[in-house]
4 protein chains.
Amino acid sequence: MAGIRERQLQKRKQETLDVALRLLMEHGYANLNMDELAEEVGISKPTLYQYFNSKDELVAQAMVRVFEKMEEHLSELSEKSPLEQLEHFLRLMLKSRSEKRNIMAQMDVEVMHSIVQRYPYMTEHLLATRLKLGQLVMKAQAQGEINPAIPAWVVVNAVFSLQGILHNPFMKTDPQRSDQELAEAIESIVHLFKQGVCNEIPLQTTILN
Amino acid sequence: MAGIRERQLQKRKQETLDVALRLLMEHGYANLNMDELAEEVGISKPTLYQYFNSKDELVAQAMVRVFEKMEEHLSELSEKSPLEQLEHFLRLMLKSRSEKRNIMAQMDVEVMHSIVQRYPYMTEHLLATRLKLGQLVMKAQAQGEINPAIPAWVVVNAVFSLQGILHNPFMKTDPQRSDQELAEAIESIVHLFKQGVCNEIPLQTTILN
Amino acid sequence: MAGIRERQLQKRKQETLDVALRLLMEHGYANLNMDELAEEVGISKPTLYQYFNSKDELVAQAMVRVFEKMEEHLSELSEKSPLEQLEHFLRLMLKSRSEKRNIMAQMDVEVMHSIVQRYPYMTEHLLATRLKLGQLVMKAQAQGEINPAIPAWVVVNAVFSLQGILHNPFMKTDPQRSDQELAEAIESIVHLFKQGVCNEIPLQTTILN
Amino acid sequence: MAGIRERQLQKRKQETLDVALRLLMEHGYANLNMDELAEEVGISKPTLYQYFNSKDELVAQAMVRVFEKMEEHLSELSEKSPLEQLEHFLRLMLKSRSEKRNIMAQMDVEVMHSIVQRYPYMTEHLLATRLKLGQLVMKAQAQGEINPAIPAWVVVNAVFSLQGILHNPFMKTDPQRSDQELAEAIESIVHLFKQGVCNEIPLQTTILN
DNA sequence: GATGAATGAGCGTTCATTCAT
DNA sequence: GATGAATGAACGCTCATTCAT
């Protein structure tokens, strides 16, 4: 069997995706160019195009990989309570973001949209992940962990958007945050999320008492 | 004064910036091209370059415009309490976002950084706005409206990042939200923010009671 | 009579030509741009185009002015011997070159050619100047001042080309020459010219003796 | 070795440089455009940019090529006397000029300067060639072949500038010179050079005798 | 008569993608 | 199967020239 070859190929492909993800994080979609990628991986451009039919497909597969990882993480947490799972998930994303290991932020909305439209299997993964998170949210709402007045999709998106706090476009000029500061920030964000979505607390009253 | 000509010019320039902002939102920085912009505004490319010395300067001015609007909004609220001001500001940003009138989210981190570096007056506006918000946050913390344990910059960035909830890269595939839904979402987000940053509420206890 | 207006116009035109000549010397034809010229002269571009129908016509007229000056210089010398006149002319050109007051060198051969073709009155001046110099050369040859074996046109061109010694494209990297050095160089070049074109001297023999 | 591919590439690159040199001569730097060049060579523009990183680098390499040829020529003559070497060199340059195979004259001083500054290896070649010629001149002066009163750099530049006699900007209108005429002109120029720089001959006296 | 404002045409450069070996 | 070499299509930008006031 040519299984050994096949496996090597898969390994190369995987490695390529990993490098692509790194470059996407470092420079964003627009600045990811196929020449640089091929060179960085150590293969030629035609080979790259044998692995992936186009830049967008490559990016789509890279994203799929990210979604897969997310789903893996979600599965590993299944014994906890829904809110705990969401918290844990958020914490994971924040950590990978603080270590610059997260593309999401870099992805241009329009680019993502156009890619999603053209690569249906990506949509599947995307929707699957959103669905799982959405179900978690609704379970949490049913159990009284999360305020049922908040639309589930808002909570799901909040999980993704809150990452932006760590590196938003307006921060680069700031002094670099120390690891210590980042760790504290992560805790604050997680706290903010939990307290923000938790079951109705009569805000004014609570504070004034 | 023959300011009629001058005024028309300023109007055209303004219109150009507006269209540029729209295109930036719709296609992102990388896909904003000067030909398209010129055509869309109804002027020729050289004219565009008479108005703005380069694409980056154009974008910088567009961003400055956004910051100016933000600062205006902030000034108009000065009689309210710090937290109320922040809430109002967040609400404004969410509204303009829900009407697709906000670039921020679309801006690639790298691109922003490079532009900010080259157009110092943009940095000024950026820092000024952040400073104002930061001071508001700290005042709110001093007055017990906001949890002083959360770093001020985290709260400031939260104000910007929470907008992402309305249009994040993973939502485009969803069915379009109705105006009704969006309005509700905005309220949820504002609530989430306020409750999330408010002074320490022993979370678990509150929920369990 | 509107003569006063007319005179002012001519003065403005003249001034424009002078500035154009300066810019031509400083940046060459390709880098002479009409915006810069207009601004430097202190008039608007449309006005510039009222004075001169096109960039090339402007350059043509500037060149004509140069030729006129040359011819003036030549006329002023008419009482001297032919060779003395040539020497004096060469010296003048070298001086204006050493003071960066000479376009000739900067003019691209092709550009000149295309301009010459389109503006016949320039050809006239060009040919007139060349003719005068050619006649001088031939007179000098008839009088035994210049070696009659050298084609007259070679001598004429030599007068122009020898200027290049002072600023040729390969010299910019050199240390700047002091005024003293330049003055010496000019004398050397004049000497080189005179000795080079003078009546046959059996070279080898002369040296060896 | 599969050097056949490699060799074809080098040939193409070489051909490109050759065509570039021709176009530089025919139209000058400013009018050398990459589209035309690519088409003339029979390759696409991106290919051109794979060969050379920029227009300026291309021109720099073309110039370097010319300097290399000059240096080769100089090396081949090492057994002759210094003045003979200079003469031979001048003759070679005149010949290649009369066959339109020489850029030098066309190069705008400003353009050259900017290119030289940016491509240090070009400066090296330029200085090396000038140095060699300068040393030849000084040797000739030491041996009494060349007038030691003339600064060496003036003689070196004369070698370059005298070429201009064959095609100076004011000649294009002339009737084309026949090959015969050109050959004679070359001899005259060489003679002019030798006699011009040779050891002091009391000019007036010699002529009058 | 003078000008602020506008433009057609072109140039240098880049990038995702494919051909030929 | 892997690659060096090639390319179509854009894009940011500039400049001589003209329109409208």
Side-chain angles (χ1 to χ4, degrees), chain A residues 2 5 8-9 12 30-38 42-59, chain B residues 2-6 8-10 12-13 30-38 41-59, chain C residues 2 5-6 8-9 12 30-38 42-59, chain D residues 2 4-6 8-10 12-13 30-38 41-59:
Chain A
R5 280 232 158 155
Q8 279 216 340
L9 185 101
R12 255 318 211 317
N31 298 312
L32 166 66
N33 82 57
M34 301 301 264
D35 286 80
E36 190 186 345
L37 175 57
I43 61 180
S44 72
K45 255 192 308 180
T47 303
L48 195 55
Y49 274 86
Q50 262 178 258
Y51 295 166
F52 310 96
N53 291 312
S54 72
K55 177 179 175 180
D56 282 0
E57 182 179 318
L58 175 120
V59 171
Chain B
I4 190 163
R5 205 76 192 274
E6 175 69 17
Q8 279 215 342
L9 179 72
Q10 288 309 324
R12 264 292 226 317
K13 239 172 160 164
N31 296 312
L32 166 65
N33 83 66
M34 300 302 263
D35 284 87
E36 189 187 343
L37 175 56
V41 179
I43 61 181
S44 71
K45 236 189 326 175
T47 301
L48 198 53
Y49 276 87
Q50 240 179 300
Y51 294 167
F52 310 97
N53 292 313
S54 69
K55 178 180 174 178
D56 283 1
E57 182 177 318
L58 173 103
V59 171
Chain C
R5 279 233 160 156
E6 177 68 18
Q8 279 216 341
L9 187 100
R12 255 317 212 316
N31 297 312
L32 167 66
N33 80 59
M34 301 301 265
D35 287 81
E36 191 186 344
L37 176 57
I43 61 180
S44 72
K45 255 191 308 178
T47 303
L48 195 55
Y49 275 86
Q50 262 178 257
Y51 294 167
F52 310 96
N53 291 311
S54 71
K55 177 180 176 181
D56 282 1
E57 183 179 318
L58 174 122
V59 172
Chain D
I4 190 163
R5 205 75 191 275
E6 176 70 15
Q8 279 214 343
L9 178 73
Q10 288 307 325
R12 264 295 224 318
K13 240 172 159 164
N31 297 311
L32 166 65
N33 82 66
M34 300 301 263
D35 284 88
E36 190 187 343
L37 175 55
V41 179
I43 62 181
S44 72
K45 239 185 328 173
T47 301
L48 199 54
Y49 276 86
Q50 240 178 302
Y51 294 168
F52 310 97
N53 291 313
S54 70
K55 178 179 174 180
D56 283 1
E57 182 177 318
L58 172 104
V59 171

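Atoms considered below: every heavy atom in the structure, side chains included; atoms not considered: hydrogens, waters and symmetry mates. Throughout, protein chains are lettered first and strands after them, A, B, ... in sequence-line order, and every chain is numbered starting at 1.
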- request: Look at the side chain of D:K45 against the base of E:dT13 and say whether a donor-acceptor pair falls under 3.5 Å; ignore hydrogens and angles.
  value: yes
- request: State, with a plain yes or no, whether a side-chain heavy atom of B:F52 is found less than 4.5 Å away from one of B:V59.
  value: no
- prompt: Separation of A:M34 atom CE from E:dT18 atom P, in whole Å?
  reply: 10 Å
statement: Whole-Å distance, B:Q10 CD to E:dA5 C1', equals 13 Å
- prompt: What is the nucleic acid contact for C:L58, judged by heavy atoms within less than 4.0 Å: base, sugar-phosphate only, or nothing?
  reply: nothing
message: Please determine whether side chain to side chain contact (heavy atoms under 4.5 Å, CB included) holds for the pair A:Y51 and A:L9, giving the CA-CA distance in whole Å, both sets of side-chain angles, and the decisive distance to 0.1 Å.
response: CA-CA 9 Å; A:Y51 295 166; A:L9 185 101; 3.7 Å; yes
- request: On DNA chain E, check which nucleotide each of C:Y51 and A:N53 is closest to and give me the residue with the more 5' one.
  value: C:Y51
task: For A:N31 and E:dC15, give me the distance from atom CG to atom P, rounded to whole Å.
output: 9 Å
- request: Heavy atoms only: give me the nearest D:K55-D:A30 pair and the separation to one decimal.
  value: NZ-O, 4.1 Å
task: Using Watson-Crick or G-U wobble geometry with both distances below 3.5 Å, tell me the partner of F:dA20, or none.
output: E:dT3
- prompt: Nearest to the side chain of C:T47 - F:dT17, F:dT3, E:dA2?
  reply: E:dA2
- request: With a 3.5 angstrom cut-off on both distances, give the Watson-Crick or G-U wobble partner of E:dC15, or none if there isn't one.
  value: F:dG8
task: Select from C:S54 and A:L9 the residue whose nearest nucleotide in DNA chain F is closer to the 5' end of that strand.
output: A:L9
- request: Assign each of D:D35 and B:Q50 to its nearest nucleotide of DNA chain E by heavy atoms, then name whichever residue's nucleotide is nearer the 5' end.
  value: B:Q50
statement: Out of E:dG12, E:dT17, F:dT17, minimum distance to the side chain of A:K55 belongs to E:dT17
- request: Measure the CG-CG distance between D:L48 and D:L37 for me, rounded to the nearest 0.5 Å.
  value: 5.0 Å
task: Grab the CG-P distance between D:L37 and E:dG12 for me, whole Å please.
output: 10 Å
message: How many whole angstroms separate atom CZ of C:R12 from atom P of E:dG1?
response: 14 Å
- line: Atom CG of B:L48 and atom P of F:dC11 are separated, to the nearest Å, by 14 Å
query: Closer than 4.0 Å, any side-chain N/O of C:S44 to the OP1 or OP2 of E:dG4?
result: no
query: Given atom CD of C:E57 and atom P of F:dT17, what is their separation to the nearest angstrom?
result: 10 Å
Selection from F:dT17, E:dT7, E:dT13 that lies nearest to any side-chain heavy atom of B:P46: E:dT7
statement: OG (B:S44) and CD (B:Q50) are apart, to the nearest 0.5 Å, by 8.5 Å
task: Specify the residue among C:Y49 and D:I43 whose closest nucleotide of DNA chain F lies further upstream toward the 5′ end.
output: D:I43
query: When the distance from CD of D:Q8 to P of E:dA20 is rounded to whole Å, what number comes out?
result: 14 Å
